[in-house]
Amino acid sequence: MHALRHDILSPSGVEFAVALNLTPSTSSTFVNVVTAKSNLLRVYGIREQLPPISDHVESERDKRARVRKGTEAVEGEVEMDQSGEGWVNMGAVKSNSNHVPATTSRFYLIREHTLHGVITGIDKIRTMSSNDDKLDRLLVSFKDAKIALLEWSDAIHDLLTVSIHTYERAPQMTVLDSHLFRAELRADPLSRCAALTLPKDSLAILPFYQTQAELDVMEQDQSLAREVPYSPSFVLDLVADVDPNLRNVIDFVFLPGYHNPTIAVLCQSEKTWAGRLKEYRDTGRLYIFTLDLLNHIYPIITTVDNLPYDFYVDQAARRVSLPVNGWSARVSDIPSLPLDKDVDLALEGSRAVFADEKTFFVIRKNGMVHPVEIISDGRTVSKLVLSPALAQTTIPTVTRQLDGGMIFVGSTVGPSVLLKAARVEEEVEEGEAEEAGAAPTAVVDTNNAMDIDFDDDDLYGDSKPVSRVAANGTAPGVHPPRTRSVLHLSLCDSLPAYGPIADMTFSLSKLGERYVPELVVATGSGHLGGFTLFQRDLPVRTKRKLHVLGGARGIWSIPVRQSHRVNGTSYERTGGGLFAGESDTIVISTDANPSPGVSRIATKAAKTDLAIPTRIPGTTVGAGPFFQRTAILHVMTNAIRVLEPDGTERQIIKDMDGNMPRARVKACSICDPFVLILREDETIGLFIGETERGKIRRKDMSPMGEKTSRYLAGCFYTDITGVFEMTTTDGTVTASSSADKNITSTLQAAVTAGHNSQWLVLVRPQGIIEIWSLPKLTLVFSSVAISTLEPVLNDTFDPPALSLPQDPPRKPQDFDVEQILTVPLGESAPTPHLFVFMRCGQLAVYEVHSTPSSTPPSGGRSAFLKIIFTKVLTRTFDLSKQEEAEKTVLAEQKRISRMFIPFVTCPPASLNGNGGFTLTGVFFTGDRPSWIIRTDRGGLKLFPSGHAVVHAFTACSLWDSKAEFLVYSDEGPSLLEWIPDVELDTSLPKRSLPRSRPCSNVVFEPSASLIVAASTLQAQFASYDEDNNILWEPDGAGVSLPQCDCSTLELISPDSWITMDGYEFAPNEYVNALECVTLETLSTESGSRDFIAVGTSIDRGEDLAVKGATYIFEVVEVVPDSSSSIQRWYKLKLRIRDDAKGPVTALCGINGYLVSSMGQKIFVRAFDLDERLVGVAFLDVGVYVTSLRVLKNLLLIGDAVKSVWLVAFQEDPYKLVVLAKDIRRTYATNVDFFFTNGELSIILNDEEGVMRMLTYDPSDPESRGGQHLLCHTEFHCHKECRASRTIARRTKEDNEIPQAKLITGFTDGSLSALTPVDEGAFKRLHLLQGQLLRNVQHVAGLNPRAYRIVRNDNVSKPMSRGVLDGQLLEAFEELGAQGQQETTRQIGTERMAVLRDWSALAAAW
């Protein structure tokens, strides 16, 4: 049995981060932040952007409306700066009428890569080449002891691998527990070397050249040092080479300010823990020693002994201790400052980051932010002052200080945030000044403090002021006015993330009148816990049907208005940029039936109705606003018409060649004041509008070549970004703005034309893309790589290509470009993108980037653009080819049109504040319609629309909403809208439902269509003996009872996501298993119904054995509250509670019976008389049952030690029969059945992230007569599986029994699918996988095959053949057509056959 494993969702969150200058600085991007989680590497730019400019009067009115009456800021108070810079003192700026809006710092995703290795650290380094380009290099370390050096390449606008250094064969890596070791990477502040931790207390040292003097010593040439910027690395054994007591390394760091690289290492000479503190305490040591890289000498500078065993030393820390709870004196003898009686904080999981040289923030595990002030006496730190919590933010994993006072807080379990801390001197009133002088430490301004709010809605919203009085905040000798130092802490931006996946289930989501499957995932941790909802398609709902509109061949919603003439000149009201403009007023639709077609012009009649005052015979090819939205440009198959706003004809130009009709118009592009038409014989026509006459005329195309030249596709592009700059050979730079006086005649149009240049993009039959400037038609860009969809399109500086008609006529080719579109795409700062669709069904999207201009060849073109196109998305569509000779009317009506249609939408703001932004995207019509959208922090994504086919699409604001779309689909014409709160930053559209608490288990109850979830809370734990006497109570200040997990059960409606009912367990009882099982019952006619089964553990301390219980709940309908808007209400009814002598760790249902685990036993029990559980069978199994799965009467048992068992259940007599076992000792975190076409396998996931495919085959001699399960395939996922769901996969063969598809969730937030593959497709893809291993340059120079190999000493070669690696196969689709053909030629198959195999298997579900 064969399968394909591929990731549906990438890992979520940030585990490692570094700030550096990786990409060339632009006017908006001033620093880069590189983040990593698991095997995902992302490169962000932090951009400074101006906030949206709005009318000042309206903004002031809105601002006052948002302030609660009686709390308005008066002169001298601190008020929030709405522009995003933080908090400003309004007393210092008493008059600010000419306010210049401040900039805001925002994340913008530049690149992301899924690597073939687990990242364990990232850092920045500078090489000798950095002296030339002023850019940093990126160092990335991996789990298998590798370091990769990456740099940015402008030529490909991507990361380029410089070198990879591997230490996996070092003697230190041969220890048996090396897989448990986690390599950590650190770099010297002056980039002289980098270090990677290895097992056995060793460091791998990688030196870098920095000066010419180092090259002279090493006798190296300077040019060689730029290509090889490092000298040979070596392994430093700390015990043998530095000090014999330097063992058990905890952490290390390079120290700044030393002549040679200097390392501080924190270690433990003797290991200890809380139970051995009487014998060994304060075993920590700090060593500081120097690296002499030439002589390999490592002198120790200083040593600090007797540090606490759980101490963490920052490189700037002194030996000054500030206790935050009463436990510090009990675990360490180190002298410390006195304990504040009111302080009892837990620092486990906390992170610290400096705001300036005297203040740092401690961010605790629950997100609370505490400022700590360092009080110094000269150069000696005398004390630390801890202030109360200022705010609550994300749960920290990594903190980094950036330039400009910004702080990045990364989290693996939730969103990561970008904060800004700035210190401002403010005047203080006389009374406040006396108080400030007496205050020795920092204080919080309680009137304006950031609210501590556990509601996630406010976690990442507008921040509040943080002010504190400095100890030396006043200048000596100066009395009035006195000042105090105020620390401004504000939120700039956040990176969305949902954290680890604890459990998941499929439910039904109602979109309008239809239901779609929705994956409900329990995600997050602590106060960031909640649900994340994923759907395969972008969720939209139908607002209403519009059958009267028609539009099977096209719909256009157009804003037009009556032109106002003053003294013979058209007057247009001033707009506000790209997205400004009035709502749509006209809708044009067209149908091919009845022949020769009909076109309708519709207007809004009432609130929801349409009126169609005008009908025109003939089919419309395209329509758009013209003459500054005072007219309609209407293109038909044989004519171009100018219409008045009411639909009457102003001008018509019939497409004739003298008296002979030309070929039919098949496509057009309209961009005021230009019109381009493309005919079926591959000729084009170009027209230009004359605004003063209000008419159009033909434009001379002689610079483009002969009139009979052939073109496959074309479009206009209006550049609003400034990327398109035309440079001539004499060095002149122009934007090629409209200079023709006939083009614009109004003031606003002239201003707009001066900023936005217009360009014509054409594709010739020989596969050459050309860009022409307008209105002068100068060729500025040409490339031949468009026909093969190469990864990068560069200017070849060729003159205009000849594309004369051929005899006999040229036949269409697979690599012909069928559709092309250039349009800005994005959220806050759209960037130009090129969309290409080939006749063979391949879609590609290129992003346009500015590039340093290369020197054009002499004698070539005189003008060129300094741009390149880099491919960012590729998809393959399986097209049903239509016979070329079939040109009948019926075939024309059945033809499916595939077009790129740009749109601009403003998703409405919801109750929790999401939405309210402007998004530009592209909709792709056809039989696999898709939305193509780019967001700032998620990059470019393609989402299916959920329709079988879409014939026509347009964004529509006819009913005064900027978030509606007119779509003609297989259901007819309808008005659609996105549902609120949809986030488009991941590969699947998602909605986040924060609940301020995590959920450990979630199931769907199908009879009532409700969600049942087990929430995890924290409760104080007290230990009792058998006589219920408490064993220990807090006995000192700052000492409290420990915390333990406890659970509650919640019944949730998936429509409104409100909790209808719940059940609270004991404070020391938590849920292990939650399942919806079908049991036999007397309460229904069918004799069975669905119940909720819960298995729990009851902790009683370390001296008493753990117990458990099994609960059976029934979901019952009750009379709803009259005040509630919900018509049907449900509650949980406890039917039975059955105590157990051990924890109940797994549950399932089989043939109407309940299967549950208790310790080392499995019980099968019947629900007798609906009031008790009666055992009918049991089985002694392993040590700790982790999962139970059922298929008919077969039972899979996963164990923490004994791997997996296959068991059969029979009812006459009742008996559990062991069929086979896996004999290896494996921690089975998850087991599942996996079947297709009569074949059955068992999928086993263990705690190390290894997936194994087992089979039950009694005919195989190795199975010992079927007693042993056979393992034929091992596949390393490198992450622990937490939850899985088996769903049905139906293929075109439509077998009676569908295939099984396995959806798996992991602890890093990723989601993967395991899909069965038939024999023929598997052979092709397996051979392709081998070619991609050898012939593709993988990021960071990693080996994909080694990444998936599982170490197994029992076999001679790896068992990795049965599962295909989807991460590796994705690279084939990204290759250019030439690379694809070369790869498939070597394995004897066709390129399109492989692409069809991949597109059929790569769907989410």
Side-chain angles (χ1 to χ4, degrees), residues 9-19 22-23 26 28-37 40-49 51-52 84 103-114 393-394 397-398 400 402 406-420 456 459-461 491-499 523 528 532 534 538 824-831 833 847 872-873 905 907 912-921 931-943 981-992 994 1309-1310:
L9 290 174
S10 300
S12 174
V14 173
E15 188 175 6
F16 305 99
V18 64
L22 183 66
T23 63
T26 63
S28 57
T29 304
F30 64 92
V31 71
N32 297 108
V33 173
V34 179
T35 66
K37 172 72 180 293
L40 182 66
L41 187 73
R42 283 192 170 112
V43 179
Y44 293 93
I46 296 183
R47 292 185 171 181
E48 291 288 347
Q49 297 177 352
T103 57
T104 59
S105 299
R106 301 292 185 207
F107 285 111
Y108 186 84
L109 180 66
I110 298 176
R111 275 291 182 186
E112 72 173 4
H113 287 287
T114 304
T393 183
T394 189
T397 300
V398 58
R400 289 290 181 266
L402 280 63
M406 288 189 295
I407 298 171
F408 177 74
V409 183
S411 175
T412 58
V413 298
S416 302
V417 297
L418 182 66
L419 307 175
K420 185 165 187 177
D456 192 67
L459 278 176
Y460 308 103
L491 176 71
C492 297
D493 200 5
S494 65
L495 296 176
Y498 50 84
T523 56
L528 301 179
T532 306
F534 295 100
L538 198 152
L825 205 68
E827 188 178 339
S828 61
T831 55
H833 286 70
E847 187 176 2
V872 291
L873 179 74
T905 185
N912 62 7
N914 291 332
F917 56 91
T918 300
L919 199 64
T920 60
W931 305 82
I932 305 174
I933 295 167
R934 175 159 194 158
T935 59
D936 286 348
R937 297 164 297 185
L940 189 70
K941 305 294 180 186
L942 184 143
F943 303 107
D981 302 332
V982 176
E983 301 174 27
L984 306 174
D985 300 313
T986 52
S987 301
L988 295 177
K990 75 175 189 293
R991 287 185 294 157
S992 299
S1310 61

| field | Worked verdict on T935 versus L109 for side-chain contact (heavy atoms from CB on, under 4.5 Å) | value | CA-CA 8 Å; T935 59; L109 180 66; over 6 Å; no

| Under the side-chain contact (heavy atoms from CB on, under 4.5 Å) criterion, do L873 and L942 qualify, and how do the steps go? | CA-CA 8 Å; L873 179 74; L942 184 143; 4.0 Å; yes

| task | Please step through side-chain contact (heavy atoms from CB on, under 4.5 Å) for the pair V409 and I407, ending with a clear verdict. | result | CA-CA 6 Å; V409 183; I407 298 171; 4.1 Å; yes

Quick check: closest heavy atoms across [X] and [Y], and the distance to 0.1 Å?
| X | Y | result |
| --- | --- | --- |
| F107 | D936 | O-CB, 3.8 Å |
| L419 | C492 | C-SG, 4.3 Å |
| G414 | L528 | CA-CD1, 3.8 Å |
| S10 | Y498 | O-OH, 3.9 Å |
| L9 | S987 | CD2-N, 4.0 Å |

| field | Residue list, salt bridge (charged side-chain N to carboxylate O under 4.0 Å, His left out) with R400, at least two apart or on another chain | value |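 None.
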
| field | Sole candidate of T35, I110, L418 that passes side-chain contact (heavy atoms from CB on, under 4.5 Å) when paired with Y44 | value |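 The option that passes is T35.
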
| field | Qualifying residue, where the test is side-chain contact (heavy atoms from CB on, under 4.5 Å) with R934 and the options are E827, K941, H833 | value |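 Result for side-chain contact (heavy atoms from CB on, under 4.5 Å) with R934: H833.
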
| message | Run S105 and R47 through side-chain contact (heavy atoms from CB on, under 4.5 Å) and show every step you take. | response | CA-CA 5 Å; S105 299; R47 292 185 171 181; over 6 Å; no

| Are K37 and E15 ion-paired here, with the side-chain N under 4.0 Å from a carboxylate O? |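 Answer for the salt bridge query: no.
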
| query | So, T104 and E48: side-chain donor and acceptor under 3.5 Å apart, yes or no? | reply |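 No pair is found: no donor N or O on one side chain lies under 3.5 Å from an acceptor on the other.
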
| Is it true that the side chains of T397 and S411 contain a donor and an acceptor less than 3.5 Å apart? |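 Looking only at side-chain atoms, S411 and T397 do not form any donor-acceptor pair under 3.5 Å.
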
| message | Taking the side chain as everything from C-beta on, heavy atoms only, tell me whether T905 gets closer than 4.5 Å to T918. | response |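 No, every pair of side-chain atoms sits at 4.5 Å or beyond.
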
| request: State, yes or no, whether a side-chain contact exists between L940 and L825 at a heavy-atom distance under 4.5 Å. | output: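 L940 vs L825: side chains touch.
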
| task | Report the distance from atom OG of S12 to atom CG of L40, rounding to the nearest 0.5 Å. | result |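 Reported value, rounded in 0.5 Å steps: 9.5 Å.
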
| Just how far is it from atom NZ of K420 to atom CG of L402, taken to the nearest 0.5 Å? |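 These two atoms lie 11.5 Å from each other.
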
| message | Looking at S494 and P496, would you say the former's side chain and the latter's main chain have a donor-acceptor pair under 3.5 Å? | response |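 A pair under 3.5 Å: no.
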
| query | With sequence neighbours excluded, what pairs up with F16 under the ring-ring contact (aromatic ring centres under 6.0 Å, His included) test? | reply |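 For F16, no residue satisfies ring-ring contact (aromatic ring centres under 6.0 Å, His included) once neighbours in sequence are set aside.
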
| field | ring-ring contact (aromatic ring centres under 6.0 Å, His included) partners of F943, counting only residues at least two apart | value |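 Testing F943 for ring-ring contact (aromatic ring centres under 6.0 Å, His included), a comparison that skips the adjacent residues, returns none.
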
